[in-house]
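Notes for the one structure printed next.
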Amino acid sequence: MKITPLFLVFFFGIHSYSYSQKTFSVAYENQADVKVFVVQYENQADLKVFKVGYGNQATQNEGKWFFVDYANQANKKIFFVKYANQADLKIYFVKYENQAGWLNNSKKQLMY
């Protein structure tokens, strides 16, 4: 079987797309893929999130999020809920990139 450059571009393009963390915050709950609650303390979170400055820095499901300007640019649309019991995912925003990551691996599929 001969592998063409087009196949490689397609394969790696789909692979990196499926793991990226480009997010968009929607205005209404029914528009969201995931409902998110921001917790006050790190140990209450399922995921520690670091907001990156560029989209290419948010390439894997490891808590580095890039907030896009338009919904059609996002891989996941999120809605911030008022109460923890309404959330699918509880997050905590960290100050440093190396602090980002999952604390509750059972919720990891929410961001794929």
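Both L47 and L110 are assigned to one and the same hydrophobic cluster, defined by single-linkage of ILVMFWY side chains at heavy-atom distances under 4.5 Å. Under the 4.5 Å side-chain heavy-atom criterion for Ile, Leu, Val, Met, Phe, Trp and Tyr, W102 and V36 are members of the same hydrophobic cluster.
A salt bridge (charged side-chain N to carboxylate O under 4.0 Å, His left out) check over residues 98-112, counting only residues at least two apart or in different chains, returns the pairs D46-K107.
In this structure E42 satisfies the side chain to side chain donor-acceptor pair (under 3.5 Å) test together with K48, sequence neighbours excluded. Taking E29 as the reference, K35 meet the side chain to side chain donor-acceptor pair (under 3.5 Å) condition, with sequence neighbours excluded. Partners of K64 according to the salt bridge (Lys or Arg N to Asp or Glu O under 4.0 Å) rule, which considers only residues two or more places apart in sequence or in another chain, are E62, E97.
For T59 against N56, the heavy-atom pair with the smallest separation is CG2-O, 3.1 Å. In plain terms, the two heavy atoms of A100 and G63 that are nearest each other are CB-O, 3.7 Å.
Summarising the hydrophobic clusters (Ile, Leu, Val, Met, Phe, Trp, Tyr; side-chain heavy atoms under 4.5 Å, direct or chained), the residues clustered with V68 are F24, V26, F37, V39, F50, V52, F66, F79, V81, Y92, V94.
At least one side-chain heavy atom of F80 sits under 4.5 Å from a side-chain heavy atom of I91. M111 has its side chain within reach of V34: a pair of non-hydrogen atoms, C-beta onward, lies under 4.5 Å apart. The shortest distance between side-chain heavy atoms of K77 and T23 does not fall below 4.5 Å.
Atom CD of Q109 sits in a crowded spot, with more than 12 heavy atoms from other residues, nucleotides or ligands closer than 6.0 Å.
Relative to the ring axis of F67, K22 does not place its NZ or CZ within 45° and under 6.0 Å from the centre.
Of the inter-residue distances, the one linking S25 atom OG with K76 atom NZ reads 15.0 Å to the nearest 0.5 angstrom.
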